[in-house]
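Each chain gets a letter, A, B and so on, in the order its sequence line appears, and its residues count up from 1.
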Amino acid sequence: MTTDGKTPERSEDGPSNFVRELIAADIEGGKHGGRVQTRFPPEPNGYLHIGHAKAICVDFGMAQEFGGQCNLRFDDTNPVAEDTEFVEAIQRDIAWLGFEWAGEPRFASDYFERMYECAQHLIREGLAYVDSQSLEAIREGRGNFYKPGVESPHRERSVEENLDLFARMRAGEFEEGAHVLRAKIDMQHANLNMRDPLLYRILKQHHHRTGDAWCIYPMYDYAHPLGDAIEDITHSLCSLEFQDHRPLYDWVVANCPVDTHPEQTEFGRLNLGYTIVSKRKLRQLVEEKHVDGWDDPRMPTLSALRRRGVPPESIVRFCERIGVSKRDGVVDVTLFEHAIRDRLNEVAPRYMGVLRPLKLVIENYPEDGEDVFHAPLHPEDESYGRRDIPFCRELYIDREDFREEAPRKWFRLAPGKEVRLRYACLVTCTEVIKDEAGEVVELRCTWDPASKGGKAPDGRKVKGTLHWVSARHAKPAQVRLYDRLFRVENPLDVEEGKTFLDHVNPDSLAVLADARVEPALVEVEAGRTVQLERTGYFCVDRDTTEGQLVLNRTITLRDSWAKLEKKLKGGAPMVKGQKKGKNKKKKNKGEQAGGAPDKA
RNA sequence: UGGGGCGUCGGCAAGUGGUAAAGCCAUCGGUUUUUGGUACCGACAUGCGUAGGUUCGAAUCCUACCGCCCCAGCCA
């Protein structure tokens, strides 16, 4: 739990969708005996990311909603890149999201023997054969979109010969690539997947679970439907690109000796603006050190989001809100950001912290004086309790909260202006002290002793409220300001000769070494996310040590002043045409403005 | 020159023939506020890729066209 351990209410407020309706109809019609059994089938060759989160929410969510269960099955049919490191990380991430799989995790490799037997059955039925052509010959023979395939010269081998060859493949008598097992379907089929697809290939690789017991491994198209059938899955939900594989899925289930016939249904993957969800590219970011590991808080992996301080409930809620459909669109990243703020606003305790300290001295406050103010840890939930905030003559405020020349509508501090120090008192800036370089280094103020607590004694309006820390009591902290990893909404959209790496945001991480936070914050344990009032949400990083607090910025608070100032400066009101003049058709599909990334 | 999908507001997405298209995000305006946060109120598609057709009536049915995505791994 990154937040506070409070019950994560799981809302069922997702919109209606076609998968939900299909399952409901199946139950209604008594299909699969009215059962609902789903599965989430990750390949253990990488870390789970936000895109997987959607699949997880759909797979587990549908089962949950209809009183069924969801299995966790590792699709470990290709030993080359798979590893137990990933199977552990995947389990951790799913559990973190708050889902429970039925029984123990399963592995496709658990069924290798059974799958082998099914293959023998197919051979005996004359539905599979050993092909001994080269990889190139097989590819050539498959034809293409426009050219029908041609049958392999080995297609009519006898059952005996096939059985013998297949057994010897298993026994390790042949080198990789020497033979494969193919389904005998139809080389003329318009769907390339049906042109005698490969069922098994020889791979003399060590498998993370079966070790060296096997040197032939089943292909996805063969192993997946069998795994589903063996586990008695009723609804096999997957992504759009498998639509073309469904006929093969059905062929396998129909022709192998299994009792059930699960149904595969495809839905659209999640694509998120300013984000990449491709295992290969994420791996590249890690391996080429553009980020600091799989859980670098800028990554879209679940482990990175966790480290960044994103609550799991916000991810689940986000997935519910984006819905499930067959369109492949790109979800606006602001929707995800909203879900994060929404949840954090509910559960993050409040503290004050100054990111870029500017000294403020209260001249009419006694040199050795001290006050302690009691402030609520949550403005809307008293059960969070309160914390003590020490106050003295010398404080720090954020440099951002002071301007020598106040722009229009500036509520914050400026020479001669009065503001409220949150929970404390009202102060007026009387003098600005600069160094030789002309840089403001200190502010002199006077306070109104009658305003203790922050209320104006005479009811005068003080619009600006600033956060602050006591210079004497504050604790030092290193703050890591994270921003979007990519500068553009679609990092995959690149010009000739460039790659998505050229879109990496050079300002996606800024480290502030000299931040100060109120003392109560050092009690917060690593992994928890808090709000620094008026600034944003921050997660206590695991790098925190006894003397050094490390905070990761999860996300900023919405900043309507920044927006206002931009508008004030910009002068030209740009958003005019949209108002009334119905600008005929929408034309520029490709380019959207997207939200401005927040500053670092 | 194939096969499989998809086209409803800037983004996601309801809607499944009934009489002028939910919701959320974004955007804009306002109220409350000791977070310029939160909350709350309001605005935001005479329009459903285009063109025809069927019908008393169509985003929903039919036809044609246009556009976008996926498929030619011994990856999943």
* G49(B) and U60(B): how far apart are their P atoms, nearest whole angstrom? -> 8 Å

* Structure fact -> Which of C74(B), G11(B), C6(B) is nearest the side chain of Lys326(A)? It is C6(B)

* Asked: Side-chain donor-acceptor pair under 3.5 Å between Glu266(A) and Ser239(A), yes or no?
  -> no

* **Candidate nucleotides C74(B), U35(B), A39(B), ranked by approach to the side chain of Asp342(A) - the nearest** => A39(B)

* Asked: What integer number of Å spans the P atoms of A21(B) and U33(B)?
  -> 38 Å

* **Sub-6.0 Å ring centroid separation between Tyr200(A) and Phe112(A)** => no

* Stacking check Phe145(A) vs C71(B) (5.5 Å / 30 deg) -> yes

* Asked: Salt bridge or not for Glu241(A) and Arg269(A), using N-O below 4.0 Å?
  -> yes

* Structure fact -> Picking from A72(B), U35(B), A76(B), the nucleotide nearest the side-chain atoms of Pro379(A) would be U35(B)

* Nucleotide of C74(B), A76(B), G5(B) approaching Asp75(A) most closely (side-chain heavy atoms) -> A76(B)

* Could you tell me whether Glu337(A) contacts a base, only the sugar-phosphate backbone, or nothing, with contacts defined as non-hydrogen atoms closer than 4.0 Å? => nothing

* Asked: At under 4.0 Å between heavy atoms, what does Val324(A) touch on the DNA or RNA strands: base, sugar-phosphate, or nothing?
  -> sugar-phosphate

* Expressed in angstrom and rounded to an integer, what is the separation of Leu22(A) atom CG from U16(B) atom P? -> 18 Å

* Asked: Hey, are Glu82(A) and Asn45(A) close enough side-chain-wise for a donor-acceptor pair under 3.5 Å?
  -> no

* When you compare G67(B) with G73(B), how far apart are their P atoms, in angstrom units rounded to a whole number? -> 27 Å

* Taking the same atom, P, in U19(B) and in A26(B), what whole-Å distance lies between them? -> 32 Å

* Asked: Tell me: CG of Leu466(A) to C1' of U35(B), nearest whole Å?
  -> 11 Å

* To do: Using only heavy-atom distances, decide whether a donor-acceptor pair under 3.5 angstrom links the side-chain of Asp244(A) to the base of G3(B).
  => yes

* Asked: Between C75(B) atom C1' and Leu248(A) atom CG, what is the distance in whole Å?
  -> 15 Å

* Would you state whether a donor and an acceptor, one from the side chain of Glu380(A) and one from the base of G37(B), lie under 3.5 Å apart? => yes

* Asked: Can you tell me how far P in C62(B) sits from the matching atom in A58(B), rounded to whole Å?
  -> 15 Å

* Using purine N1 to pyrimidine N3 plus N6-O4 or O6-N4 for Watson-Crick, or N1-O2 and O6-N3 for G-U wobble, both under 3.5 Å, which nucleotide pairs with C12(B)? -> G23(B)

* **Side-chain-base donor-acceptor pair under 3.5 Å for Arg420(A) and U35(B)** => no

* Asked: For RNA chain B, whose closest nucleotide is more 5', that of Asn345(A) or that of Tyr146(A)?
  -> Tyr146(A)

* Which base, if any, makes a Watson-Crick or G-U wobble pair with U63(B), both distances under 3.5 Å? -> A51(B)

* Asked: With rounding to whole Å, what would you report as the distance between C9(B) and C66(B) at their P atoms?
  -> 22 Å

* **Proximity to the side chain of His338(A) - top-ranked nucleotide from U1(B), G73(B), C25(B)** => C25(B)

* Asked: At under 4.0 Å between heavy atoms, what does Asp221(A) touch on the DNA or RNA strands: base, sugar-phosphate, or nothing?
  -> nothing

* Pair assignment for G2(B), Watson-Crick or G-U wobble, requiring both distances under 3.5 Å -> C71(B)

* Asked: Could you state the NZ-C1' distance from Lys455(A) to U33(B), rounded to the nearest angstrom?
  -> 11 Å

* Carboxylate-amine/guanidinium contact Asp131(A) Arg182(A), below 4.0 Å -> yes

* For Leu272(A) and C25(B), what is the distance between atoms CG and P respectively, to the nearest whole Å? -> 16 Å

* Structure fact -> Which of A76(B), C28(B), U16(B) is nearest the side chain of Lys563(A)? It is C28(B)

* To do: Using atom CD1 of Ile90(A) as one end and atom C1' of A76(B) as the other, report the distance to the nearest whole Å.
  => 12 Å

* To do: Kindly point out which of G15(B), U35(B), A76(B) is positioned nearest to the side chain of Asn78(A)?
  => A76(B)

* Paired nucleotide for G17(B) [Watson-Crick or G-U wobble; both distances under 3.5 Å] -> none

* Asked: Which nucleotide in the set U8(B), C24(B), C75(B) lies at the smallest distance from any side-chain heavy atom of Arg321(A)?
  -> C24(B)

* **Tyr200(A) OH - A76(B) P separation (whole Å)** => 12 Å

* Asked: Between Trp447(A) and Phe391(A), how do the two ring planes meet: parallel, tilted or perpendicular, split at 30° and 60°?
  -> tilted

* With both distances kept under 3.5 Å, what pairs with G42(B), Watson-Crick or G-U wobble? -> C28(B)

* Could you give the distance separating U16(B) and A59(B) at their P atoms, to the nearest angstrom? => 12 Å

* Structure fact -> In whole angstroms, the gap separating P of U33(B) from CZ of Arg350(A) amounts to 18 Å

* Which whole number of Å gives the distance between the C1' atom of G37(B) and that of A45(B)? -> 32 Å

* Quick one: does Arg341(A) reach the base of U38(B) with a side-chain donor-acceptor pair under 3.5 Å? -> no

* Asked: Is Asp559(A) salt-bridged to Arg534(A), going by a charged N under 4.0 Å from an acidic O?
  -> no

* To do: In plain terms, say whether Glu533(A) and Arg350(A) are close enough for a salt bridge, that is, a side-chain N and a carboxylate O under 4.0 Å apart.
  => no

* Proximity to the side chain of Ala190(A) - top-ranked nucleotide from G3(B), G10(B), U35(B) -> G3(B)

* Would you call Tyr220(A) stacked on A76(B), i.e. ring centres under 5.5 Å apart with the planes less than 30° off parallel? -> no

* Among the nucleotides C74(B), C70(B), G4(B), which one has an atom lying closest to any side-chain atom of Gln243(A)? -> G4(B)

